Amino acid sequence: MLKPVHFKSSILPYLLVFPQIIITLVFFIWPASQALYQSFLVEDAFGLSSEFVWLDNFTALFSDPDYLNSFLRTFFFSMATASLSMGFSLMLAVKTDRVIRFATPYRALLIWPYAVAPVVAGTLWMFMFDPTLGLAAWWLKTAGISWNHRMNGNQAMLLIIFAASWKQISYNFLFFIAGLQAIPKSLIEAAAIDGAGRTRQFWSIVFPLLSPTTFFLLVVNVVYTFFDTFGIVHAVTKGGPAGATKILVYKVYNDGFIGLDLGGSAAQSVILMIIVIALTIIQFKYIERRVEY
Amino acid sequence: MVEQKNAAFFFNHAVIILGIIVICFPLWITFVAATHDAVRMTQAPLPLLPGDRLFENIHTVLFDGVGNAKEQPVWLMLVNSLVMAMSIAVGKICISILSAFAIVYFDFRFRMCFFWMIFITLMLPVEVRILPTYEVVANLGMLNSYYGLSIPLIASATATFMFRQVFLTIPDEMLEAARMDGAGPIRFFWDILLPMSRTNIAALFVILFIYGWNQYLWPLLITTDRDMYTIVMGIKQMLEAVEEAPEWHLIMMTALLAQIPPIMVVLTMQRLFVKGLTETEK
């Protein structure tokens, strides 16, 4: 990765990397190591003294049904959001790939939600499903379904899944479009000559050839649902009702800043870090493979 | 055959238009709500068509503020968001283009060590290190300041990687030719590398501006002073008041104002946006 033709070492390269390295050290590596260190400590109620307890914080977490529940909920939320969002985007991408007329305005109308902040996305969906006033809630009421995500945990979960999927559609859409355009048209023509219909063409040729894109998007969507959806949960449900939507990243914030359980919150941070590291490694492995062929 | 084709044609367009309606409906409802008055917004069913209060609502929100965040006019939040988004985008681009230049074009001790340190930041999003990072910022006295809002988010491995990738595709002859003409490293960077990566910088800027504008958790933690609220977190403060006195028309107007700048950036710079999105993911 170093250029074969390059400059001789001097003081200059150190000056060039200095700003980035200093910010990385102060705001990334130092806090992360602090989180790691604190996760092995227990502080007393007044924060006056702390004791080194090895892995007690972690064993406490994994024997805490509340935490395990949160883990399962996050997993369910993540899978539901990823499949809903990717399924919807794939359908739209396949259709827009087929039409020629209006392709540009269609694309513009489909990509803008990328720019909406998660917390704003949450606000919009919360407004539509507001139990007393929201339009969608009102329609459901006239259809005989009573909607109240402030009382009903399943409905609360459904609402954050909708908001989170909606926000992610445009991202998935753009990558699916790029993936579809990379598939050689001759393959599809050959299938058509062999008598395969549109559906058959899609499942036997297009979908398998899209699998690298799909896999890449799955990893990105999981990272998104684990970390970026904090704003949605915080605005719409605050983890409630009765913890029904308390996903992991919300729990780190809640236990640390509201509950002031520093050791427990730090241990949760460390577990989240391990999850990100694992996902990053998977993503890089996959990219290396893609470069090969 | 022709009939079949026509049917497929209409079916494709119908599916796309239906999808667009689902995707755009929340935005339309926001806009409609922002154009009505307080009384209309408390009667179910809520309107589906816009009212006539658009400009009054804009004025109220921009200069008087809403709900809990009263005395906190939204124009100030917009300014704060703009400053934060710009400093994050410009800061990230500056520091990562410099470090990428050093890593690709210089042979120096600890080069790989620095590279790995930058790489690690990819695995430490702000959400997993909130408490200790908050402590660092508090100790440095950067709470409630633009520095605190932007600097801790500025280091970015993705931007450094992207520039590294761009520099690696620039032919070596460029440097040889520049050297023959007697250009030193700074001259080479300024007159050759920078102009050659202009579109990449612009594409990256689009993505980073949206990233900075949409930050939520970080400003929520480090701003307690109302004058430092950004618009994205300001909406949350307004929602707190919803249960007592819903002022949906004003909240939705704020939500609309919070979305317009990043959406405009995406729509007006679509090509750069798509380029930035696909390149930073590599």
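Both backbone and side-chain heavy atoms feed into the values below; hydrogens, waters and symmetry mates do not. Each chain gets a letter, A, B and so on, in the order the sequences are listed, and its residues count up from 1. Quick caveat, the model's predicted, so the values are computed rather than measured.
Ring pair A:Phe257/B:Tyr134 is perpendicular by interplanar angle, where above 60° counts as perpendicular and below 30° as parallel.
Taking chain B as the reference chain and counting heavy-atom pairs below 4.5 Å, the highest number among A:Phe227, A:Phe18, A:Phe102, A:Trp30 is found for A:Phe227. Listed options B:Phe209, B:Phe273, B:Phe101, B:Phe11 were ranked by heavy-atom pairs under 4.5 angstrom with chain A; first place goes to B:Phe273. Among B:Asp107, B:Leu153, B:Ile210, the residue making the largest number of heavy-atom pairs under 4.5 Å with chain A is B:Asp107. Between chain B and the residues A:Val249, A:Leu272, A:Val99, the most heavy-atom pairs under 4.5 angstrom are made by A:Val99. By number of non-hydrogen pairs under 4.5 angstrom with chain B, the leading residue of A:Thr280, A:Val116, A:Thr132, A:Leu92 is A:Val116. Interface check for chain B: of the options A:Trp125, A:Phe226, A:Phe88, the most heavy-atom pairs under 4.5 Å are formed by A:Phe88. Between chain B and the options A:Val276, A:Leu174, A:Val119, A:Val94, the largest number of non-hydrogen pairs under 4.5 Å is found for A:Val119. Among B:Gly184, B:Pro26, B:Ala102, the residue making the largest number of heavy-atom pairs under 4.5 Å with chain A is B:Pro26. Of the listed residues (B:Gln215, B:Met233, B:Met117), the greatest number of heavy-atom pairs within a distance under 4.5 Å of chain A belongs to B:Met117. Counting heavy-atom pairs closer than 4.5 Å to chain A, the top residue among B:Ile186, B:Ile154, B:Val137, B:Ile170 is B:Ile170. Considering only heavy-atom pairs separated by less than 4.5 Å from chain B, the leading option among A:Ala266, A:Ala235, A:Pro19 is A:Ala235. Contact count versus chain A (heavy atoms, under 4.5 Å) is highest, among B:Ile16, B:Val136, B:Leu175, for B:Ile16.
Proximity to chain B involves both the backbone and the side chain of A:Met273, based on heavy atoms less than 4.5 angstrom apart. With a threshold of 4.5 angstrom between heavy atoms, A:Lys238 approaches chain B through side-chain atoms but not through N, CA, C or O. For chain A, the nearby part of B:Leu221 is the side chain; its heavy atoms alone come within less than 4.5 Å. For B:Leu124, the parts lying near chain A are the backbone and the side chain together; criterion is any non-hydrogen pair under 4.5 Å. Interface remark: A:Ile22 contributes no atoms to any contact with chain B (heavy atom separation under 4.5 Å). Residue contact with chain A, scored on non-hydrogen atoms closer than 4.5 Å, involves the side chain of B:Val274 exclusively. Looking at A:Ile169, the atoms closer than 4.5 Å to chain B (heavy atoms on both sides) all sit in the side chain, from C-beta outward. Heavy atoms of A:Trp112 lying under 4.5 Å from chain B belong to its backbone as well as its side chain. Residue A:Leu124 touches chain B through both its backbone and its side chain, counting heavy-atom pairs closer than 4.5 Å. Contacts between B:Tyr105 and chain A at a heavy-atom distance below 4.5 Å involve backbone atoms as well as side-chain atoms. Both the backbone and the side chain of B:Arg109 come within contact range of chain A, each with at least one heavy atom under 4.5 Å from a heavy atom of that chain. Both the backbone and the side chain of A:Val26 come within less than 4.5 Å of a heavy atom of chain B.
A:Asp255 and A:Ser265 form no side-chain donor-acceptor contact under 3.5 Å, judged by distance and modelled atom types alone. Using modelled atom types, one finds a donor on one side chain and an acceptor on the other under 3.5 Å when comparing A:Gln20 with B:Ser99.
Under the salt bridge (Lys or Arg N to Asp or Glu O under 4.0 Å) criterion, A:Lys95 pairs with no residue at all, not counting sequence neighbours.
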Distance-only donor-acceptor pairs under 3.5 Å for side chains of residues 254-270 of chain B, two or more places apart:
| from | atom 1 | to | atom 2 | distance (Å) |
| --- | --- | --- | --- | --- |
| B:Thr254 | OG1 | B:Leu250 | O | 2.8 |
| B:Gln259 | NE2 | B:Ala255 | O | 3.0 |
| B:Thr268 | OG1 | B:Met264 | O | 2.6 |

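A cation-pi contact links B:Arg129 to A:Phe28, judged by a cut-off of 6.0 Å to the six-membered ring centre and 45° from its axis.
When ring centroids are compared, B:Phe119 and B:Phe161 come within the 6.0 Å threshold.
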